There are 2 protein chains.
Amino acid sequence: MRTASPKAPSESSLDTHLANSGLRVTPQRQRVHEVLREKMDHPTADQVFLRAKNKMPEISMATVYNCLDALVQCGLVRQVTLDRGATRYCPNMQDHSHFYCDACGSVYDILQTISPEEADIKLPRGFRLKNIETNLHGLCPDCAAKAK
Amino acid sequence: MRTASPKAPSESSLDTHLANSGLRVTPQRQRVHEVLREKMDHPTADQVFLRAKNKMPEISMATVYNCLDALVQCGLVRQVTLDRGATRYCPNMQDHSHFYCDACGSVYDILQTISPEEADIKLPRGFRLKNIETNLHGLCPDCAAKAK
DNA sequence: ACCACTATTTAGAATAATTCTAAATCTTGA
DNA sequence: TCAAGATTTAGAATTATTCTAAATAGTGGT
Ligand SMILES: [Mn+2]
Ligand SMILES: [Mn+2]
Ligand SMILES: [Zn+2]
Ligand SMILES: [Zn+2]
């Protein structure tokens with residue numbers, strides 16, 4: 001073998017991102033990130049907890065919150081807040097927006113965004129814009145069909 | 001006097017909007033809407049409750065939630081969810097987006113939006129787009145100054 | 001390898017945010 | 001005036017998130 005331990009791109013990305021933020025690589029953080037990548041349906045912290053427990057029964061809710069915060073902090077996961085309910089988490093760091101079905105609450109990635117330049121947002125003096133978040137609201141295919 | 005009881009535009013708008021949604025005009029709903037118009041700083045339900053109590057000491061938290069929901073339902077108030085904290089409420093129904101300061105959590109109205117046409121969002125077959133919500137993240141003037 | 005230091009995890013308590021429940025009050029329209 | 005339905009209310013219940021303090025694990029220096 002050429003390399004001692006070849007890693008999947010997502011794993012090595014986890015390692016480097018955590019390292020860059022001065023955070024350690026831990027089994028819990030790996031597991032939480034894995035759970036998010038396994039099913040990219042924008043789960044809540046609670047759902048991540050339940051899924052993570054399958055392969056790691058000792059993991060705690062506090063740790064799930066800690067891990068999610070760590071992954072958000074090092075730029076591997078995005079927080080998605082779309083309604084009064086629990087925050088959702090998205091491991092897709094590609095530039096994309098979210099479609100939220102107001103009827104059933106499901107969330108879909110939409111691979112299209114409006115860039116700050118394109119949007120040409122004029123902010124009052126002093127504001128420093130970091131990024132633009134676009135949330136699309138409407139009906140998902142299923143709910144749109146039922147609505148007719 | 002020409003008209004029997006001339007109303008401020010916002011009040012009559014409250015009446016007609018509620019009526020159009022089959023909802024009654026009540027002192028509590030009027031008060032909650034008034035609180036939101038008084039200080040458009042995007043307060044949380046809890047903050048609305050505290051402010052509403054000044055002129056209406058008997059109002060309850062449950063009623064504040066009920067009223068906010070009624071006002072949202074009839075199109076007089078927008079819900080604004082920007083982070084893991086409590087939902088905020090905005091009585092400005094003009095098309096606008098929100099600037100959220102990631103440092104201090106303050107929210108500002110930005111009178112500029114990306115229209116669905118302008119954005120030219122291409123959704124997969126079956127999705128029905130109702131509206132686009134744009135949230136700007138960054139630093140407010142105060143926090144930007146401190147950051148330097 | 002041993003140790004001290006710090007980061008992380010953990011269970012559970014605490015707090016915050018929201019929803020629910022059932023009874024009281026109010027409004028509307030026969 | 002009365003019945004039906006809408007709304008409000010206090011408080012309990014539930015859900016979401018944060019905090020605390022002790023246990024565990026990882027790191028760097030010797
Ligand atoms: Mn996503
Ligand atoms: Mn606003
Ligand atoms: Zn749906
Ligand atoms: Zn700020």
Side-chain angles (χ1 to χ4, degrees), chain A residues 14-15 17-35 42-53 55-74 76-90 105 107, chain B residues 14-15 17-35 42-53 55-74 76-90 105 107:
Chain A
L14 179 91
D15 291 12
H17 274 80
L18 284 171
N20 287 343
S21 297
L23 296 165
R24 290 181 187 165
V25 179
T26 67
Q28 290 83 354
R29 285 171 182 169
Q30 290 177 315
R31 178 71 186 124
V32 165
H33 195 223
E34 184 182 51
V35 162
H42 305 84
T44 62
D46 198 61
Q47 292 173 314
V48 172
F49 175 57
L50 292 175
R51 296 177 196 178
K53 278 214 288 198
K55 285 191 185 171
M56 190 180 267
E58 343 67 58
I59 198 170
S60 76
M61 192 68 211
T63 297
V64 168
Y65 272 105
N66 290 342
C67 290
L68 288 170
D69 286 346
L71 295 174
V72 167
Q73 203 196 313
C74 75
L76 279 170
V77 166
R78 289 167 60 177
Q79 267 185 295
V80 183
T81 52
L82 291 162
D83 62 8
R84 219 146 61 177
T87 297
R88 295 150 174 279
Y89 296 86
C90 170
V107 178
Chain B
L14 179 91
D15 291 12
H17 275 79
L18 284 171
N20 287 344
S21 297
L23 296 165
R24 291 182 186 164
V25 179
T26 67
Q28 289 85 351
R29 285 172 181 168
Q30 289 176 315
R31 177 72 186 124
V32 165
H33 194 223
E34 184 182 51
V35 162
H42 305 85
T44 61
D46 198 61
Q47 293 174 313
V48 171
F49 174 56
L50 292 175
R51 295 177 197 177
K53 278 213 290 197
K55 285 192 186 170
M56 191 180 267
E58 344 66 61
I59 198 170
S60 75
M61 192 67 212
T63 298
V64 168
Y65 272 104
N66 290 343
C67 291
L68 288 170
D69 285 347
L71 294 174
V72 167
Q73 203 196 312
C74 74
L76 278 170
V77 166
R78 290 167 59 177
Q79 268 186 295
V80 183
T81 52
L82 291 162
D83 63 7
R84 219 144 62 175
T87 298
R88 296 151 172 278
Y89 296 86
C90 170
V107 178

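Basis for what follows: all heavy atoms, side chains included, without hydrogens, waters or symmetry-related copies. Order of the sequence lines fixes the chain letters, A, B, ..., with proteins taken first and strands second; residue numbering starts at 1 for each chain. Because the structure is a prediction, the values reported are computed rather than measured.
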Are any of B/Q28's side-chain N or O atoms less than 4.0 Å away from OP1 or OP2 of C/dC26?
-> no
C/dA17 P sits how many Å from B/L50 CG, rounded?
-> 11 Å
C/dT9 phosphate, OP1 or OP2: any side-chain N/O from A/S60 under 4.0 angstrom?
-> no
Between CZ of A/R29 and P of C/dT9 the distance, given in whole Å, is 5 Å
Find out whether A/L14 and A/L71 are in side-chain contact, i.e. whether some heavy atom of one side chain is under 4.5 Å from a heavy atom of the other.
-> yes
Among C/dT10, D/dT7, D/dA16, which nucleotide sits nearest the side chain of A/T63?
-> C/dT10
Atom pair SG/CZ of B/C74 and B/R29 - distance to nearest 0.5 Å | 8.5 Å
Rounded distance (Å) that lies between atom P of C/dT18 and atom CZ of B/R88 | 11 Å
So what does A/T26 touch, heavy atoms closer than 4.0 Å: a base, only the sugar-phosphate, or nothing?
-> sugar-phosphate
Could you write out each protein N or O paired with an N or O of nucleotides 19-22 of chain C at a distance under 3.5 Å?
unit_1, atom_1, unit_2, atom_2, d
C/dT19, OP2, A/R84, NE, 3.2
C/dT19, OP2, A/R84, NH2, 2.6

For B/Q30 and C/dT27, what is the distance between atoms CD and P respectively, to the nearest whole Å?
-> 11 Å
When A/M56 and B/R24 are each assigned the nearest nucleotide of DNA chain C, the 5'-most assignment goes to A/M56
Closest non-hydrogen atoms of A/P43 and A/Q47, given as atom of the first, atom of the second and distance, are CA-OE1, 3.1 Å
Indicate, with a heavy-atom threshold strictly under 4.0 Å, whether B/D46 touches base, sugar-phosphate, or nothing.
-> nothing
Do B/Q79 and B/Y89 come within less than 4.5 Å of each other through their side chains, counting heavy atoms only?
-> yes
Rounded to whole Å, CZ of A/F49 lies from P of D/dT17 at a distance of 14 Å
Nearest-angstrom distance from the residue atom CG of B/L68 to P of C/dT18 = 10 Å
Taking the side chain as every heavy atom from C-beta outward, state whether A/H42 and A/L82 have any atom pair closer than 4.5 Å.
-> no
Starting at the 5' end of DNA chain D, which residue's closest nucleotide do you reach first, B/V64 or A/A45?
-> B/V64
Distance check: side-chain N/O of B/T87 vs OP1/OP2 of C/dA17, anything under 4.0 Å?
-> no
Rounding to a whole Å, what distance do you find between B/E58:CD and C/dA24:P?
-> 19 Å
Between A/R84 and B/T87, is there a donor-acceptor pair closer than 3.5 Å when you use the side chain of the first and the backbone of the second?
-> no
How many Å lie between CG on B/L18 and P on D/dA6, as a whole number?
-> 15 Å
Classify the nucleic acid contact of A/T44 as base, sugar-phosphate or nothing, counting any heavy atom under 4.0 Å across all strands shown.
-> nothing
Would you mind reporting whether A/R31 and A/T26 have side-chain heavy atoms less than 4.5 Å apart?
-> no
